[in-house]
There are 2 protein chains.
Amino acid sequence: MQKEVFLKILGERIREIRERKGITQKQLAHAIDKDQQSIQRLETGKINPSIYYLLEVAHGLEVELDILIINDSKV
Amino acid sequence: MQKEVFLKILGERIREIRERKGITQKQLAHAIDKDQQSIQRLETGKINPSIYYLLEVAHGLEVELDILIINDSKV
DNA sequence: TTGGAACACAACGGATATGTTGTATTTTCC
DNA sequence: GGAAAATACAACATATCCGTTGTGTTCCAA
C-alpha cells in the first residue's frame, strides 16, 4: 500500500475513534500533553508518526494501540 | 510504559519473529530494500520507528502489522 | 588459525517528525 | 448574520529517524 494512502487511512481511523468519544482535537492533545496542531497533522495524514507517539495517542483515546493499526488485508 | 522499555520489547518481538522465520537481519533488510544496520537498530530498541517503517518490516516478515504491536495490557 | 557470516556500534548527512506560535478557515449555535 | 469553538494551514527550531559507510566483535567451520 502506498505510504500516503496508509497514513491517510490511519488518520481517519483515529479521528473516528476520537469523535466517537465526543472529544475535540484540543482535548485529546491536552490529555497527552501535546497540542491541537499535532493531532491535526496526524488525523489528516500529513505525517508518518512514530510508534511511541501513536501509543500516547492510544492512551489519550483510551484504546489499545493495535486498534489504531491498519493491516493491508483490512484495506 | 516507559518509552525505552516499550521500544526494547518491540525490538525483541521483531527479532523473535525474524528468527522463527530463520532469516538473518541482512536477508530481512534486503527483502524490504533496507540494510542490516537499520534492522539492527530496530531490534535493539535504539530507535522509535515510524509506523510506516514498521509496516515495511511486517511485510518483510510476512506478518500483519498488528502482530508487531505491543499493548500496555499485554506487558 | 584463518576466513567468512552474523550481529553490534558509531558517526555523518539529509529528510522529516514534533513542539510551538500565529493565523486562517470552517463549523456550530444563538 | 455574528460570535465562539473547532479544525486546518504555515513556518520555524530542535530533535531524531533513516540511509549509509566504516568498523568491531563473536561464532562457527574449514
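Note on naming: letters A, B, ... go to the chains in the order of the sequence lines (proteins, then strands), and numbering restarts at 1 for each one.
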Distance-only polar pair, side chains of B/Gln25 and B/Gln40, donor-acceptor under 3.5 Å: no
Spacing of A/Glu12 atom CD relative to D/dA8 atom P, expressed in whole Å: 11 Å
Protein-nucleotide distance (A/Gln27, atom CD; D/dA5, atom P), rounded to Å: 12 Å
Between D/dA5 (C1') and A/Glu19 (CD): distance, integer Å: 15 Å
A/Arg15 side-chain N/O to D/dA8 phosphate OP1/OP2 under 4.0 Å: yes
Can you pull every protein N or O that's under 3.5 Å from an N or O on nucleotides 9-14 of chain D?
residue, atom, partner, partner atom, Å
D/dC9, OP2, A/Lys46, NZ, 3.2

Earlier contact from the 5' end, DNA chain C, for B/Gln25 and A/Lys3: B/Gln25
Nucleotide interval of DNA chain C bounded by contacts with chain B (heavy-atom cut-off, under 4.0 Å): C/dA6 to C/dA11
B/Asp35 side-chain proximity, nearest of D/dT20, D/dC17, D/dG19: D/dT20
Short side-chain N/O contact to D/dC18 OP1/OP2 from B/Lys34, under 4.0 Å: no
Nucleotide D/dA6, atom C1' - distance to CG of A/Leu28 in whole Å: 13 Å
Check: B/Arg18 and B/Glu43 side chains under 4.5 Å, non-hydrogen atoms: yes
